[in-house]
Amino acid sequence: MVSINIYDKVTEIAKRRGFFWPSFEIYGGLSGFVTYGNLGTKLKRNIENAWREFFVRRQGFLELEAPIINASRVFEASGHLDHFKEHMVECTRCGRSFRADHLIEEKTGLENVEAMGGDAIRELLAEHEIRCPRCGGALKEPVMFLTMFQTTIGATGGEVGYARPEAAQGMFLNFRRGFQQAREKLPFALAQTGKVLRNEISPRRGMLRLREFTIMELELFFDPQEPSCPWFNEVSGEEVSLLTEEMEAEGEKTPLKVSLGEAVEAGHILTEWQAYFMGVSKRFISHLGVPPDRQRFRAHLPEERSHYSAQTYDHEVLLESWGWTEIAGHAYRTDYDLKAHQRGSGVDMTVLRPDGTRFIPHVVEPSFGLDRLLYVVLESSYQRRKKRDILALPRSLAPINVSVLPLVTKDGLSEKAAEVRELLLDAGLVVAYDESGSIGRRYARSDEVGTPLAVTIDYDTLENDTVTIRDRDSWSQVRQRIADLPGLLRRYLKGEIEFSELGSPV
RNA sequence: GCGGCCGUGGUCCAGCCUGGCAAGAUAUUGGCCUUCCAAGCCAACGACCCGGGUUCAAAUCCCGGCGGCCGCACCA
């Protein structure tokens, strides 16, 4: 932890102004769940759409929306039912809990004890008379934690189902349909955003570790014999900070600064596709307001990796509140999942090469946690200026596009302001109209929720149909004709023009 | 799940030790005022996490639960 202050400040604003707050508040709350308010819902949607721009639309990738509840056979085949559970033992004396398989491995030198199952673990604990490694106390019977949420489908004698802990399985289950819709050509990708659930043992840090959260995932299918990415040249010159697997193993803390092209060349990143998505990822996160020098990619050590992964790089950002924080995982899932579902379902997942050979495609996956990103965006944009809190959100993400404010509420200014509001609403903008309190107070309110522009109707407006436009970040103003507002504001919000081009200086 | 600290209007916080009308700031709403950055005045709204116990009396003391933060464990 570096500074908990900014975390408190950001969550306080989030709660007060309606970005997000803890769920089930009126019943005392339950950790690991969050509810988004008006501004949070809009901001979240804007981030999601930005992700779609960077990862889906330009590449022409395919989207998908699959169920949250899945039949148990899905997770039997995928390996999640085996890997999403832990056998825990608790000490009767000091109360500490431990992973049973780790204790057995330490004592006996056996490997992969987890895979032997609950009965074997129970027997091994007894056989080797394993006691608490901290205090030597006796251990309770091992308890199994399944971190997937289980449910029953149907009324009586129903089938067991599980809530998905990742969206990825939806893409693998529907690989054949996707492949057909991609006109049976590799490479192609299926992308999905949606809720996933993980029954975390102890969720912490608010938005950073939830039991129910939104994930944005993409599975890129390719032929391992044709591993090149047609767009790699767009990002190969991009410099990234890497902590490679070797560096992690040696405890090296200073990241390697290297271009993505060099990183692939040197074998630090196993595939071009993975490197491509890491490059897009860096650009996406920069677009959300995190400077490149606060971003890095950290490799997982083999024991840290998921059961399906041959290489994983976490994309981390440096938060003032929590230090380096994972916001995305870039995993090389190989043919693990399609192979598993071919085995589980009996459906052929192979693809035919021009030379007549068949193979199971390999998969590279960038996976983002949207709720974390939303927190990162808020914290990164937080500023304090002249005793005011300001969210300097990227203007394309701000939940409200523009505030419309009459300078005072008399002499017909309110009525004129209402006309301007209608005009901007007709233009499709999200508008906040505010005539309460002094003009300064209204600017402050507007800044606090990150609204990039404020249009003010003053006495000159009544004379010549012009208004002032105020910039959230510099507090400077320009004057412009009302009739020109819709087009200019839209272009400004898209990032096509700068503030100074919105009108003549005041 | 274990340990430490904590939980009071929308938000931030005082009061708790030593039981006795729950204070302040800010926000919000209405009014007056107001020609550009949380101005001023008047008014209104609004709180002791939940449950039990002790007591004439509990925000305060005790027990249990829930929630938050930190440490340990966990985070596939």
Side-chain angles (χ1 to χ4, degrees), chain A residues 1 4 7-9 11-18 21-33 37 75 78-86 88-99 102-103 114 132-135 140 143 145-148 165-166 198-206 208-211 300 303-309 312 314 321-322 326 329 331 369 385-390 405-411 413 435-448 454 456-462 467-472 475-477 479 506:
Chain A
M1 170 197 24
I4 198 136
Y7 174 79
D8 287 342
K9 192 68 214 177
T11 48
E12 187 262 308
I13 294 173
K15 207 189 286 187
R16 185 162 43 79
R17 297 304 305 270
W21 52 82
S23 299
F24 318 121
E25 271 184 313
I26 66 166
Y27 288 109
L30 184 57
S31 62
F33 298 92
F75 298 116
S78 71
H80 284 83
L81 270 176
D82 286 333
H83 290 92
F84 255 72
K85 67 181 179 210
E86 309 287 355
M88 304 290 297
V89 282
E90 195 181 322
C91 174
T92 54
R93 193 193 294 173
C94 70
R96 293 174 191 277
S97 40
F98 306 91
R99 281 183 56 167
H102 287 180
L103 292 186
E114 182 70 47
C132 175
R134 291 297 184 88
C135 74
K140 293 180 188 169
V143 192
F145 284 110
L146 180 67
T147 49
M148 283 195 293
E166 59 169 6
R198 301 178 184 184
N199 198 1
E200 298 284 353
I201 295 167
S202 64
R204 292 278 169 91
R205 299 181 176 187
L208 298 188
R209 205 156 140 219
L210 296 167
R211 289 190 167 117
H300 280 197
E303 59 267 30
E304 194 182 353
R305 281 202 298 261
S306 323
H307 58 281
Y308 49 70
S309 174
T312 298
D314 278 350
S321 55
W322 303 111
E326 174 196 350
R385 201 154 69 229
K386 302 224 171 123
K387 294 186 180 172
R388 290 186 191 173
D389 295 320
I390 295 157
L405 319 167
L407 185 59
V408 293
T409 55
K410 58 182 185 183
D411 302 327
L413 291 185
E435 59 169 41
S436 158
S438 69
I439 188 70
R441 176 181 298 262
R442 285 177 264 151
Y443 286 142
R445 279 193 199 113
S446 179
D447 289 345
E448 194 184 41
T456 303
I457 287 74
D458 58 17
Y459 281 91
D460 289 354
T461 311
L462 301 180
V467 293
T468 63
I469 307 172
R470 171 192 177 270
D471 175 29
R472 174 197 64 200
W475 294 1
S476 58
Q477 288 180 298
R479 187 165 275 278
V506 174

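We name chains A, B, ... by the order of the sequence lines, and we start the count at 1 in each one. Model, not experiment: these values are computed from the prediction.
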Check the distance between [N]'s [atom2] and [X]'s [atom1] and give it to me in whole angstrom.
X      : N      : atom1 : atom2 : answer
A/E12  : B/rG68 : CD    : P     : 18 Å
A/E25  : B/rG68 : CD    : P     : 11 Å
A/W21  : B/rG7  : CH2   : P     : 24 Å
A/W322 : B/rG71 : CH2   : C1'   : 13 Å
A/R209 : B/rG68 : CZ    : P     : 12 Å
A/H300 : B/rC75 : NE2   : P     : 12 Å
A/Y27  : B/rG51 : OH    : P     : 13 Å
A/K9   : B/rU26 : NZ    : C1'   : 10 Å

May I ask you to say what [X] touches in the nucleic acid, namely base, sugar-phosphate or nothing, with a heavy-atom cut-off under 4.0 Å?
X      : result
A/G79  : nothing
A/L30  : sugar-phosphate
A/P203 : nothing

[atom1] spacing across the pair [N] / [M], given as an integer number of angstrom:
N      : M      : atom1 : result
B/rG24 : B/rG65 : P     : 37 Å
B/rG7  : B/rA47 : C1'   : 13 Å
B/rC32 : B/rC37 : P     : 22 Å
B/rC74 : B/rC66 : P     : 23 Å
B/rG10 : B/rC45 : C1'   : 11 Å
B/rG51 : B/rA14 : P     : 24 Å
B/rU18 : B/rU26 : C1'   : 31 Å
B/rA44 : B/rA38 : P     : 27 Å

Partner lookup for [N], please. Criteria are Watson-Crick or G-U wobble with both distances under 3.5 angstrom; report none if nothing qualifies.
N      : result
B/rC41 : B/rG31
B/rG64 : B/rC50
B/rU26 : B/rG10
B/rG20 : B/rC56
B/rG1  : B/rC72

Would you kindly compare A/R211 and A/P165 by the position of their nearest RNA chain B nucleotide and give the one closer to the 5′ end?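 Upstream on the strand: A/R211.
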Does A/S436 have a side-chain nitrogen or oxygen under 4.0 Å from the phosphate oxygens OP1 or OP2 of B/rU29? yes
State whether the side chain of [X] and the backbone N or O of [Y] hold a donor-acceptor pair below 3.5 Å, judged by distance alone.
X      : Y      : result
A/W21  : A/G18  : no
A/R198 : A/P165 : yes
A/R442 : A/G437 : yes

Please determine, by modelled atom types, if A/S309 and A/S306 share a side-chain donor-acceptor pair under 3.5 angstrom.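 Checked: A/S309/A/S306 side chains show no N/O donor-acceptor pair below 3.5 Å.
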With no hydrogens and no angle check, do the side chains of A/S78 and A/Y308 hold a donor and an acceptor under 3.5 Å apart?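 There is no such pair (donor and acceptor under 3.5 Å, judged by atom type) between the side chains of A/S78 and A/Y308.
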Are any of the side-chain heavy atoms of A/I469 and A/Q477 separated by less than 4.5 Å? no
Yes or no on side chain to side chain contact (heavy atoms under 4.5 Å, CB included) for A/E200 and A/T147, after CA distance, side-chain angles and deciding distance? CA-CA 6 Å; A/E200 298 284 353; A/T147 49; over 6 Å; no
Sole candidate of A/K9, A/R388, A/R16 that passes salt bridge (charged side-chain N to carboxylate O under 4.0 Å, His left out) when paired with A/E448: A/R16
Does the protein touch nucleotides 31-38 of chain B at the base, only the backbone, or not at all? Give it as B, S and - per nucleotide, heavy atoms under 4.0 Å. ---BBBBB
Side chain to side chain contact (heavy atoms under 4.5 Å, CB included), paired with A/T456, selected from A/L413, A/I439, A/T461: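 Single side chain to side chain contact (heavy atoms under 4.5 Å, CB included) partner of A/T456 among A/L413, A/I439, A/T461: A/I439.
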